[in-house]
Amino acid sequence: MHMTNDRAAISSRPALKHILAAGTIIASLFAASPVFAQGTVAGTLIDNKATASYDTPQGETTIESNTVSLRVDELLNVTVASADSGDVSATPAVTNRVLRYTVTNSGNGSEAFSLAADGNVGGDDFNPTITSIVLDTNDNGVYDAGVDTVYVPGSNDPVLAPDATIRVFVLATIPGSATDGQRGIVDLTATTLTGSGTPGTTFAGQGQGGGNAVVGATTATATDDGRFVISQATAALVKSASVIDPFGGATQVPGSIITYSIAATVSGSGSLTNLRVGDVIPDGTTYQTNSITLDGVALTDAADADAGRFSAGAIAVSLGNVSAGTTRTVAFRVTID
Ligand SMILES: [Ca+2]
Ligand SMILES: [Ca+2]
Ligand SMILES: [Ca+2]
C-alpha cells in the first residue's frame, strides 16, 4: 500500500528544502498478515516508514525515516447463536433431548472458551434439567452419542481460531410434569478464558502474539436461548351401543343385535404411534362375522391387508400413527344369545 504523505509535516527539515513539487514523499505500510472478518490478526506488526527523494546536481537522492512498529492487540469477542430452526419438540419425562448452538470466535486471536448451560431460566413454563454439553467434534452438525465429545470445563475448553465456529449440543431431560404446548428455555453461554467484562478492559501481555488482550464490544461473553416445546398427544376412548331387537324395536332380548361403537379421539399436539383399538366380545353374546367397520368402512375378520381382524374372541383394529385432532370410529355387531 502506498500513500502520499503530508509534505508540510516534514518540509521544515533542512535536508528536504529541495523537495520536488511532484509529491515524491512516499509512506509505506507493510501488512504482513491476512485480514479476517474480525480484523487484522492479533500480534501482527504494522511497520511504517516514510521516504523522501530530491534532486541534486549529482542526481536523485532518497532518504528514509525511522520505522514505527506497532503490534496489533487481541480483541476478545464471542458470538453464541441457537442453531435450531425453531422450538425443539419434546415429550414429558423424555431424557437427553438435544438443543443445538454455534459458538464463534469473533475476536482477532486464537482463544479458548468456557461453556455453561442453564436450564433454570425464567420466561417459560418449565425448567429442563441439563445432563451434558457436547462438542460436535466430528463437525457434522448432528449429535452423535458416543462419538461427539462430552464437554468438561477446564479440560477440553474449545480453542477457536479467529472467525472459527464450533457447534455445541446441550442435552436435557424434560420434567414429567410438563404438559402439551409448554415451553422450556435453555441458555448456552460462552466466555473467553482470557477474561471478559466491560468493553475496553485490558489484560496486559495476554494477547496472541505478545500484545495486550482487550475486551471487545461483545464483553467477551455471549448467551443465546434454545427452546423446547412439549408436543404430546393423548387418546380418549368413548364407547356406545345401539340395539335392534327381532321385532324392530330396541329391547335387549335374546336375538337382539347390539352395535358397539368405539370413538378414539387423539388430542394435544403431534401424533400417537401405532394406536390399536381392541374389544373382547362380552359373555352372553356372539360376534357377527365380518361386522367390523372403521369410520363406516367394512373390514374383514382375517388378519390381512386391512386394519381389522377378529381372533380369540376379540376384535382388533390397527389405526397406525394418528395425528392430534383426529377421531377414528370402530364399530362391530354382536347378537344376544
Ligand atoms: Ca425455565
Ligand atoms: Ca456430530
Ligand atoms: Ca382384516
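Note that the coordinates shown come from a computational prediction; the quantities given were computed from them, not determined experimentally. Positions are given from 1 along the sequence.
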(message) Check for me, please, whether Leu275 and Leu237 land in the same ILVMFWY cluster - side-chain distances under 4.5 Å, paths through other members count.
(response) yes
(message) Could you report the tightest heavy-atom contact between Leu272 and Ala233, atom names first, then the distance?
(response) CD2-O, 3.4 Å
(message) Can you confirm whether Gln288 sits close enough to Thr335 that some side-chain heavy atom of one is under 4.5 Å from a side-chain heavy atom of the other?
(response) yes
(request) Begin with the C-alpha distance, continue with both residues' side-chain angles, and end with the deciding distance and a verdict on side-chain contact (heavy atoms from CB on, under 4.5 Å) for Val330 and Ile315. (result) CA-CA 10 Å; Val330 172; Ile315 65 103; 4.0 Å; yes
(message) Can a side-chain donor-acceptor contact be found between Thr327 and Thr265 if the only test is distance below 3.5 angstrom?
(response) yes
(request) Dump the intermediate steps for side chain to side chain donor-acceptor pair (under 3.5 Å) on Ser53 and Thr62, then the final yes or no. (result) CA-CA 4 Å; Ser53 300; Thr62 299; 3.0 Å; yes
(request) May I ask you to test the Glu111-Val159 pair for a side-chain heavy-atom distance under 4.5 Å? (result) no
(request) Keeping the roles fixed (side chain from Gln206, backbone from Phe203), state whether a donor-acceptor pair exists under 3.5 Å. (result) no
(request) State which residue, out of Asn156, Asn138, Asp136, Thr137, fulfils the side-chain hydrogen bond (donor to acceptor under 3.5 Å, both in side chains) condition with Thr149. (result) Thr137
(message) For Asp279, is there an ion pair with Lys239 - N to carboxylate O distance below 4.0 angstrom?
(response) yes
(request) Report yes or no: do Leu76 and Val214 belong to one cluster of Ile/Leu/Val/Met/Phe/Trp/Tyr joined by side chain heavy-atom distances under 4.5 Å? (result) no
(message) So, taking the atom named CG in Leu294 and the one named OG in Ser318, what distance separates them when rounded to the nearest 0.5 Å?
(response) 10.0 Å
(request) Calculate, to the nearest 0.5 Å, the distance between atoms OG1 and CG belonging to Thr179 and Asp125 respectively. (result) 7.5 Å
(message) Are Val72 and Ile46 packed together at the side-chain level, in the sense that at least one heavy-atom pair is separated by less than 4.5 angstrom?
(response) yes
(request) Identify whether the distance between the nearest side-chain nitrogen and carboxylate oxygen of Arg328 and Asp295 falls below 4.0 Å. (result) yes
(message) Looking at every non-hydrogen atom in both residues, tell me the closest pair between Ala190 and Val80 and how far apart they are.
(response) CB-CG2, 3.6 Å
(message) Any heavy-atom pair between the side chains of Gln232 and Pro92 that's under 4.5 Å?
(response) yes
(message) Show the nearest heavy-atom pair for residues Thr192 and Phe113, with the distance to one decimal.
(response) CG2-CE2, 3.2 Å
(message) For the OG1 atom of Thr285 and the CD1 atom of Ile258, what is their distance to the nearest 0.5 Å?
(response) 6.5 Å
(request) Go through the side-chain N and O atoms of Thr234 and Ser267 and say whether any donor and acceptor fall under 3.5 Å apart. (result) yes
(request) Give a yes-or-no answer on whether the side chains of Asp157 and Ser114 include a donor-acceptor pair shorter than 3.5 Å. (result) no
(request) Please name the pair of heavy atoms, one in Ile262 and one in Phe332, separated by the smallest distance, quoted to 0.1 Å. (result) CD1-CE2, 4.0 Å
(message) Once rounded to the nearest 0.5 Å, what's the spacing between atom OG of Ser82 and atom CG of Leu99?
(response) 7.0 Å
(message) I need the full list of ring pair (Phe, Tyr, Trp, His ring centres under 6.0 Å) pairs touching residues 135-156, with sequence neighbours left out, sorted by first then second residue.
(response) Tyr143-Phe169
(request) Would you please say whether a donor-acceptor pair under 3.5 Å links the side chains of Ser271 and Asn321? (result) no
(request) Ignoring hydrogens and angles, tell me if any N or O in the side chain of Arg97 forms a donor-acceptor pair with the backbone of Ser89 under 3.5 Å. (result) yes
(request) Kindly compute the distance separating CG (Asp337) from CG (Asp283), expressed to the nearest 0.5 Å. (result) 9.0 Å
(request) Indicate the atoms forming the closest heavy-atom contact of Asp148 with Val142, along with that distance. (result) OD2-O, 3.0 Å
(request) Output the distance between atom CG (Asn120) and atom CG (Asp187), rounded to the nearest 0.5 Å. (result) 10.5 Å
(request) Take Val168 and Ile133 through the test side-chain contact (heavy atoms from CB on, under 4.5 Å) and record every step on the way to the result. (result) CA-CA 7 Å; Val168 176; Ile133 299 173; 3.5 Å; yes
(message) In the structure I gave you, are the side-chain heavy atoms of Val134 and Leu171 within less than 4.5 Å of one another anywhere?
(response) yes
(request) Please tell me if the side chains of Ser256 and Pro246 come closer than 4.5 Å, counting only heavy atoms from C-beta onward. (result) yes
(request) With sequence neighbours left out, write down each residue that passes salt bridge (charged side-chain N to carboxylate O under 4.0 Å, His left out) with Arg183, or none if nothing qualifies. (result) Asp87
(request) May I ask you to say whether Asp73 pairs ionically with Arg71, meaning some side-chain N is under 4.0 Å from a carboxylate O? (result) no
(request) Among Asp139, Leu115, Val103, find the one that has a side chain to side chain contact (heavy atoms under 4.5 Å, CB included) with Ile166. (result) Val103
(request) Verify whether one side chain among Asp84 and Tyr101 offers a donor that lies under 3.5 Å from an acceptor in the other. (result) no
(message) Would the distance check show the side chain of Thr198 and the main-chain N or O of Thr201 forming a donor-acceptor pair, the cut-off being under 3.5 Å?
(response) no
